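If you're wondering where the values come from, they're calculated on a predicted model, not measured in any experiment.
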There are 2 protein chains.
Amino acid sequence: MTFVSDLESVNFRTEFLYLHMRNMFWRDLILLRSPLDVSQAATPKMSGSILRPEELPEIRHLHLFRDMTQASFETLMASSYAQNFPQGLEIIRQGDPADFLHIVLEGSVELFAQGAGRECTMAVVRPVSTFILAASIRDAPYLMSARTLERTRIILVPAPDLRAMFRRDTEFAVSVINELAACYRSVVRSAKTLKLRNSRERVASYLLRQSLLSGGATSYTLPVEKRLLASYLGMTSENLSRTLRTLEADGIKMDGARVIITDREKLTALAQLDRLIDGPDAFSGQSGSGLPAAEQ
Amino acid sequence: MTFVSDLESVNFRTEFLYLHMRNMFWRDLILLRSPLDVSQAATPKMSGSILRPEELPEIRHLHLFRDMTQASFETLMASSYAQNFPQGLEIIRQGDPADFLHIVLEGSVELFAQGAGRECTMAVVRPVSTFILAASIRDAPYLMSARTLERTRIILVPAPDLRAMFRRDTEFAVSVINELAACYRSVVRSAKTLKLRNSRERVASYLLRQSLLSGGATSYTLPVEKRLLASYLGMTSENLSRTLRTLEADGIKMDGARVIITDREKLTALAQLDRLIDGPDAFSGQSGSGLPAAEQ
DNA sequence: AAGAAAACTTGATCGAGATCAAAGTGCCGG
DNA sequence: CCGGCACTTTGATCTCGATCAAGTTTTCTT
């Protein structure tokens with residue numbers, strides 16, 4: 001039963017180990033589900049599995065949890081667990097039953113999909129936000145897999161508690177409705193981008209949108225590796241690399257992961273940003289289907 | 001003020017007329033919003049704008065409305081309108097404010113998206129189901145446009161009434177949550193198909209999935225025109241036509257809009273259906289993002 | 001039933017983007 | 001500080017799917 005703390009130091013490599021470890025992990029969490037058990041489990045070895053008091057306000061601040069009663073919030077948190085994961089760990093495999101709503105507190109998580117022998121990035125989730133709300137509500141299998149991109153701390157809210165809660169707390173139900181509607185719209189936007197824009201347009205609009213997200217910065221750092229960005233935008237990294245190069249004729253200059261907008265007017269003309277695809281309420285989506293905002 | 005009944009006989013052609021008519025239409029509906037006004041407006045000329053009593057059970061039967069109290073249901077319906085539209089009319093333009101939840105009672109509606117000078121089909125909605133739930137809940141602009149594919153009867157439920165209702169009726173709130181979560185998952189599936197499968201795989205899996213939807217029929221009729229199917233699958237109609245032709249080597253035979261599965265085993269091997277993309281709960285989605293089931 | 005307008009098919013060609021291959025670059029651990 | 005590994009870039013080539021251009025069939029209109 002030392003695997004939980006081991007997680008933080010060991011770099012699991014083989015597929016077999018991943019699966020084995022994950023099975024143990026879920027089973028143990030489930031065995032410990034009641035609040036009482038959690039506190040009993042609060043030995044040094046299980047230190048990863050209790051919420052720290054200072055984390056609660058950050059969670060409470062999320063749209064999803066902002067409007068519920070304090071009592072409801074505390075009940076939900078009392079049945080939740082925190083867990084730290086090392087970098088590069090697949091914490092969710094698509095197809096598995098969705099037992100928990102996940103909240104990223106530190107680190108970052110890539111949501112990706114597999115199929116037809118391929119794999120693609122669907123979103124990257126940064127603190128503080130939730131993911132796979134829909135699956136946990138429908139009590140259905142995950143449609144996406146998730147892996148940590150760095151050392152990551154996650155809160156796990158049991159799906160049954162979640163479902164019980166929005167029946168008891170109307171304000172929470174309304175929050176869930178709003179969150180789901182926002183997520184839905186976010187994926188629709190992303191489907192529209194895939195169907196309506198070619199790869200050059202997707203890159204250009206992404207770059208300009210990121211600049212606007214950083215308050216119109218002329219220069220910013222890409223929030224994710226180019227490899228991930230390419231996959232998210234539905235292209236190969238070779239193609240992204242070449243596209244970025246050719247965009248130097250249209251107002252963009254790259255310097256490593258740094259984007260410098262040299263001619264905003266030209267870029268704006270090219271990107272053809274669309275209010276319905278690129279904002280403004282696309283920005284609010286926490287976990288719908290997007291990449292995090294860029295750092296300045 | 002005779003335009004409402006005119007709608008059914010006149011075939012509007014020009015973009016200008018479309019817009020003009022639509023603007024009048026919305027404005028008038030809004031002016032007539034309270035139930036009292038509706039009944040006053042129930043002159044022969046406005047006959048399209050009241051619900052027929054026999055339609056209520058059909059609506060009530062939808063997942064979305066099934067679990068709410070009878071009183072809530074009646075209240076919601078009392079503030080709703082029915083409207084008949086002729087074929088080929090754009091009833092929603094993307095970007096407009098979402099004032100109503102739409103319920104298709106007869107006919108069919110294409111949801112499509114425009115941008116970057118292109119256009120693509122996102123879904124086709126058949127009776128009895130709802131569409132644009134998310135936009136009306138968020139009080140946000142529509143992300144998709146909608147046009148009738150034939151003469152279509154639609155119920156319009158005012159968005160503010162909808163939002164008021166799920167605050168008052170918890171069971172309804174839960175239904176909305178479930179519906180939105182299902183819609184979300186449906187779009188994610190469709191995004192996965194776009195990103196992970198090439199066009200041949202999309203066609204093959206679509207054809208096999210339709211067969212399974214019709215209870216494993218060896219022969220069925222495509223539920224929509226090939227033109228629309230192509231756009232929905234993210235390809236040109238020329239390419240769809242050619243792909244269908246080449247699939248004759250893999251267990252499919254086309255005869256007009258009729259699909260005949262000649263070698264199910266071969267097709268199954270090719271289509272590589274994925275539980276997470278192609279079912280089973282993909283079937284339940286009423287209005288998420290898909291095409292209707294095929295007729296046998 | 002005739003004519004017109006869509007929808008669909010087929011062929012020829014083109015090009016965006018994928019794939020394959022090989023450097024080049026940066027980052028992390030020892 | 002060095003070595004290794006993953007990320008990135010660049011080049012060459014290929015392929016899938018778009019585009020353009022006729023035809024053919026079906027459907028709608030008159």
J.: Whole angstrom is fine here: how far is it from CG in D255(A) over to C1' in dT8(D)?
T.: 13 Å
J.: In whole Å, what is the span from the CD atom of Q87(B) to the C1' atom of dA7(C)?
T.: 13 Å
J.: Look at all strands and tell whether R242(B) reaches a base, only sugar-phosphate, or nothing, counting heavy atoms closer than 4.0 Å.
T.: base
J.: Write down the distance between CG (L233(B)) and C1' (dA18(D)), rounded to a whole number of angstrom.
T.: 16 Å
J.: Ignoring hydrogens and geometry beyond distance, is the side chain of E238(A) in donor-acceptor contact with the base of dC20(C) at under 3.5 Å?
T.: yes
J.: Compute whether any side-chain donor of one residue and acceptor of the other, for S211(A) and R264(A), lie under 3.5 angstrom apart.
T.: yes
J.: Measuring from the side chain of R245(B) (C-beta onward, heavy atoms only), which nucleotide among dA7(C), dT10(C), dT10(D) has the closest atom?
T.: dT10(C)
J.: Rounded off to whole Å, could you give me the CD-to-C1' distance for the E201(A) and dA16(C) pair?
T.: 12 Å
J.: Could you please name the option among dG17(C), dT10(C), dA18(D) that lies closest to any side-chain atom of M235(B)?
T.: dA18(D)
J.: What is the distance, rounded to the nearest whole Å, between atom CG of N198(A) and atom C1' of dG17(D)?
T.: 14 Å
J.: Counting only side-chain heavy atoms from C-beta out, which of dG17(D), dT19(C), dT19(D) sits nearest to T236(A)?
T.: dT19(C)
J.: Please confirm whether the shortest side-chain N or O distance from S199(B) to OP1 or OP2 of dG17(D) is below 4.0 Å.
T.: yes
J.: Quick one: which of dT19(C), dA18(D), dG17(C) gets closest to the side chain of N239(A)?
T.: dG17(C)
J.: For L240(A) and dT19(C), what is the distance between atoms CG and P respectively, to the nearest whole Å?
T.: 15 Å
J.: To the nearest angstrom, how far is R227(A) atom CZ from dC5(D) atom P?
T.: 17 Å
J.: Hey, can you tell me if H102(B) and F131(B) have their rings parallel, tilted or perpendicular (30° and 60° cut-offs)?
T.: tilted
J.: Kindly indicate, with the supporting measurements, whether the criterion side chain to side chain donor-acceptor pair (under 3.5 Å) is fulfilled by R202(B) and T193(B).
T.: CA-CA 7 Å; R202(B) 291 200 294 275; T193(B) 297; over 6 Å; no
J.: Relative to F112(B), does R147(B) satisfy both conditions: NZ or CZ under 6.0 angstrom from the six-membered ring centre, and within 45 degrees of the ring's axis?
T.: yes
J.: What is the separation between atom CG on L149(A) and atom P on dA6(D), rounded to the nearest whole Å?
T.: 15 Å
J.: Can you list the steps and then say if Q272(A) with S205(A) is a side chain to side chain donor-acceptor pair (under 3.5 Å)?
T.: CA-CA 7 Å; Q272(A) 288 290 352; S205(A) 60; over 6 Å; no
